[in-house]
Amino acid sequence: FTSIVQGEYYTNYAVAKGSNTQEAEDKNKILADRGEMPVLIVNKEAEKDQVRVGDKNRYTIVVTQDRHYVEAENVVIQDSFDKEGAEYVKKSFKITDKRGQDITEDVKILYSDNGFTINTGKNLGYDEYFKITYMVSYADDSLGGQIITNTAEADSDNTESVIAAAQVEVKPDAPELQVKKTAEKD
């Protein structure tokens, strides 16, 4: 099993047998207490660290639970930009679990002016994760020449919140002049 539920009883079985002894068994019931608390880890990456005004960029967020025998309950993922003008491509969102199963339709995504919140309604056991991929459009001319920070935050009912960020430089959509010079000997 991957997690223990607080307040539940579990039976611990032990069996011992030697080459010259009979098999001996014992069992012990234990009550799971709070013990260790779950810990979330969030990683965030942008596919490209430089884009031009008018480009799109793919982002990936991975939220993992890193403690044995406990679950992060009701995981929520938030994401936001530090500047206006970048837009989430809503139809590009895909959320998968550790088994690669697409759970996008099973979660609730709420969009705001500069971000989104994903209410998963799901728990994460040890070494389980949610992977979120989506596209962002940098169509607004005001973004040219700026560095945009996109910050993800993961939280649950029984963990501390954690954050990760990715920065992307947005270059103006200006033509670039390239000069090529050649010389020929007469």
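FYI, side chains are in, hydrogens and waters are out, and symmetry mates aren't considered; it's all heavy atoms of this structure.
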Could you verify whether a donor N or O on one side chain and an acceptor N or O on the other, from [X] and [Y], lie under 3.5 Å apart?
X: Ser161; Y: Glu153; answer: yes
X: Gln65; Y: Glu128; answer: no
X: Gln167; Y: Thr149; answer: yes

Compare all side-chain heavy atoms of [X] with those of [Y] and state whether any distance is below 4.5 angstrom.
X: Lys83; Y: Gln146; result: yes
X: Lys94; Y: Thr96; result: yes
X: Tyr13; Y: Thr11; result: yes
X: Thr117; Y: Val76; result: yes

Looking only at atom types and distance, does a side-chain atom of [X] sit under 3.5 Å from a main-chain N or O of [Y], one as donor and one as acceptor?
X: Arg67; Y: Met37; answer: yes
X: Asn119; Y: Gly121; answer: no
X: Asp55; Y: Val170; answer: no
X: Asn74; Y: Ser156; answer: no

- Item | Steps toward side-chain contact (heavy atoms from CB on, under 4.5 Å) verdict (Val168, Asn57) | CA-CA 9 Å; Val168 174; Asn57 199 5; 3.6 Å; yes
Shared hydrophobic cluster, [X] / [Y] (ILVMFWY, side-chain heavy atoms < 4.5 Å):
X: Val162; Y: Ile118; result: yes
X: Ile77; Y: Val42; result: yes
X: Phe116; Y: Tyr59; result: yes
X: Phe130; Y: Val39; result: no
X: Val62; Y: Val136; result: no

- Message: Could you walk me through whether Val75 and Thr159 satisfy the side-chain contact (heavy atoms from CB on, under 4.5 Å) test, starting with their C-alpha distance in whole Å, then the side-chain angles of each, then the deciding distance to 0.1 Å, before giving a yes or no?
- Response: CA-CA 9 Å; Val75 176; Thr159 62; over 6 Å; no
- Query: Does the pair Asp79 and Tyr88 meet the rule for a side-chain hydrogen bond (donor to acceptor under 3.5 Å, both in side chains), with working shown?
  - Reply: CA-CA 10 Å; Asp79 193 83; Tyr88 297 97; 2.6 Å; yes
Which heavy-atom pair separates [X] from [Y] by the least distance, and what is that distance?
X: Thr120; Y: Val107; value: CA-CG1, 3.8 Å
X: Ala152; Y: Ile61; value: CB-CD1, 3.8 Å
X: Asn150; Y: Ser80; value: ND2-O, 3.0 Å
X: Ala72; Y: Leu40; value: CB-CD2, 3.7 Å
X: Lys56; Y: Lys48; value: O-NZ, 3.1 Å
X: Tyr138; Y: Val51; value: CD1-CG2, 3.7 Å

- If you measure from CG on Asp127 to OH on Tyr129, what distance do you get to the nearest 0.5 Å?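 It is 8.5 Å, given to the nearest 0.5 Å.
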- Query: How many angstroms lie between atom OG1 of Thr133 and atom CD of Glu45, to the nearest 0.5 angstrom?
  - Reply: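 Spacing of OG1 (Thr133) from CD (Glu45) equals 12.5 Å.
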Do other residues, nucleotides or ligands put more than 12 heavy atoms under 6.0 Å from the [atom1] atom of [X]?
X: Lys17; atom1: NZ; value: yes
X: Glu23; atom1: CD; value: yes
X: Glu73; atom1: CD; value: yes
X: Ile41; atom1: CD1; value: yes
X: Asp102; atom1: CG; value: yes

- Within 45° cone and under 6.0 Å: Lys90 NZ/CZ vs Tyr111 ring: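 Yes, Lys90 and Tyr111 form such a contact.
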- Item | Worked check of side-chain contact (heavy atoms from CB on, under 4.5 Å) between Lys131 and Ile95 | CA-CA 6 Å; Lys131 180 178 181 180; Ile95 304 159; over 6 Å; no
- Stepwise side-chain contact (heavy atoms from CB on, under 4.5 Å) test for Val89 and Tyr134: CA-CA 7 Å; Val89 180; Tyr134 59 92; over 6 Å; no
- In terms of side-chain geometry, is the basic nitrogen of Lys122 or Asp97 positioned less than 4.0 Å from the acidic oxygen of its partner?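 Looking at Asp97 together with Lys122, the answer is no, because their closest N to O distance does not fall below 4.0 Å.
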